[in-house]
*Asks:* 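Here it is: the structure, laid out below.
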Amino acid sequence: MSGPKLNPTSLREAFGYFPSGVIAIAAEVDGIRVGLAASTFVPVSLDPPLVSFCVQNTSETWPKLKDSPRLGISVLGELHDEAARSLAAKTGDRFAGLKTVSTDSGAVFVRGTSVWLESSIEQLIPAGDHTIVILQVSDITVHSDVPPIVFHRSAFRRLDA
Ligand SMILES: Cc1cc2nc3c(=O)[nH]c(=O)nc-3n(C[C@H](O)[C@H](O)[C@H](O)COP(=O)(O)O)c2cc1C
């Protein structure tokens, strides 16, 4: 990085001006729910059905998640600010207080969220201090009555607030 204004802190703040949704990406590994919150989710392709998110190379959770045959992606709803923090916590049970559904294939979904995408890893692309994870979607469930949470400038917001 160069220039006095371009450093990881200023960049993180600048990126924060771009509003995004928040997903939980989760699976059951050896009978234990494993997952993390991510705001870098992006739909990628309709045919084949692909989505992506970026994971930090320092993540201690991703190595446990990545070998699961299926990963559950849940698009968090507007009431999930506490859940988003919990799903990113360094200590404690990330799923405390959350109702989840586990599929036979190992994907874990959070109840009360707007969209569930069952997925499997298609491609991993190294990208700086993150890895772009391309996932193929194998099943979708939509709960259209749940408004999404919006992550903007380090705060959780609602579409109408
Ligand atoms: C709103 C929000 C969005 C996040 N987005 C991402 C993300 O896109 N990618 C990522 O790797 N971590 C993201 N995190 C951090 C992870 O949820 C988690 O805290 C991180 O992976 C550290 O834990 P770990 O070492 O167990 O993986 C986000 C956290 C929050 C609260």
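Whatever order the structure lists them in is the order used to number ligands and atoms, beginning at 1. Reckoned from all heavy atoms, side chains included, excluding hydrogens, waters and symmetry mates. Quick note: residue numbers are just sequence positions, from 1.
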*Asks:* For Asn57 and Gly128, indicate whether the former's side chain and the latter's backbone hold a donor-acceptor pair under 3.5 Å.
*Replies:* yes
*Asks:* What residue and heavy atom of the protein are closest to atom 28 (C) of ligand 1, and at what distance?
*Replies:* Ala37 O, 3.2 Å
*Asks:* Give a yes or no answer on whether the side chain of Arg33 reaches the backbone of Ala26 with a donor-acceptor pair at less than 3.5 Å.
*Replies:* no
*Asks:* So which of Arg94, Arg85, Lys90, Gln56 gets nearest to atom 10 (C) of ligand 1, if we judge by its closest heavy atom?
*Replies:* Gln56
*Asks:* If you count the atoms of ligand 1 from 1 in the order shown, which ones are under 4.0 Å from a heavy atom of Ser59?
*Replies:* 21 (O), 24 (P), 25 (O), 27 (O)
*Asks:* Side chain, backbone, both or neither: which part of Phe41 comes within less than 4.0 Å of ligand 1 when only heavy atoms are counted?
*Replies:* neither
*Asks:* Ignoring hydrogens, just give me the one of Phe151, Trp62, Phe53 whose non-hydrogen atom is nearest atom 2 (C) of ligand 1.
*Replies:* Phe151
*Asks:* Do Ser154 and Arg12 get their side chains close enough for a donor-acceptor pair, meaning under 3.5 Å?
*Replies:* no
*Asks:* Donor-acceptor pair, distance only, cut-off 3.5 Å: does the side chain of Ser10 make one with the backbone of Lys5?
*Replies:* yes
*Asks:* Looking only at distances, can you tell me whether any N or O atom of Val22, backbone or side chain, sits closer than 3.5 Å to an N or O atom of ligand 1?
*Replies:* no
*Asks:* Decide whether Ser119 and Gln136 meet the rule of one side-chain donor and one side-chain acceptor closer than 3.5 Å.
*Replies:* no
*Asks:* Anything under 30° is parallel, anything over 60° is perpendicular, the rest tilted; go ahead and classify Phe109 against Trp116.
*Replies:* parallel
*Asks:* Check whether more than 12 heavy atoms from other residues, nucleotides or ligands sit under 6.0 Å from atom CD1 of Ile125, and answer yes or no.
*Replies:* yes
*Asks:* Whether the Ser59 and Thr61 side chains hold a donor-acceptor pair (N or O, under 3.5 Å, no angle test) is what I'd like checked.
*Replies:* no
*Asks:* For ligand 1, note which part of Cys54 has a heavy atom under 4.0 Å away: side chain, backbone, both or neither.
*Replies:* backbone
*Asks:* Run down the list Ala24, Ser39, Ser154, Gly35 and name the one with the heavy atom closest to atom 3 (C) of ligand 1.
*Replies:* Ser39
*Asks:* List the closest protein heavy-atom neighbour of atom 24 (P) of ligand 1: residue, atom name, distance to the nearest 0.1 Å.
*Replies:* Thr61 OG1, 3.4 Å
*Asks:* When you measure from atom 19 (O) of ligand 1 to every protein heavy atom, which one gives the shortest distance, and what is it?
*Replies:* Ala88 O, 2.8 Å
*Asks:* Please identify which atoms of ligand 1 are closer than 4.0 Å to at least one heavy atom of Leu36.
*Replies:* 17 (O), 21 (O)
*Asks:* Students should be able to answer this: which protein heavy-atom is nearest to atom 8 (O) of ligand 1, and at what distance?
*Replies:* Thr40 OG1, 2.6 Å
*Asks:* Check ligand 1 against Phe156 and write out every atom of the ligand that is under 4.0 Å from a heavy-atom position of the residue.
*Replies:* 1 (C)
*Asks:* For ligand 1, find out whether one of its N or O atoms is nearer than 3.5 Å to an N or O atom of Glu60.
*Replies:* yes
*Asks:* Counting N and O atoms only, with roles assigned by atom type, does the side chain of Thr113 sit under 3.5 Å from a partner on the main chain of Leu76, one being a donor and the other an acceptor?
*Replies:* no
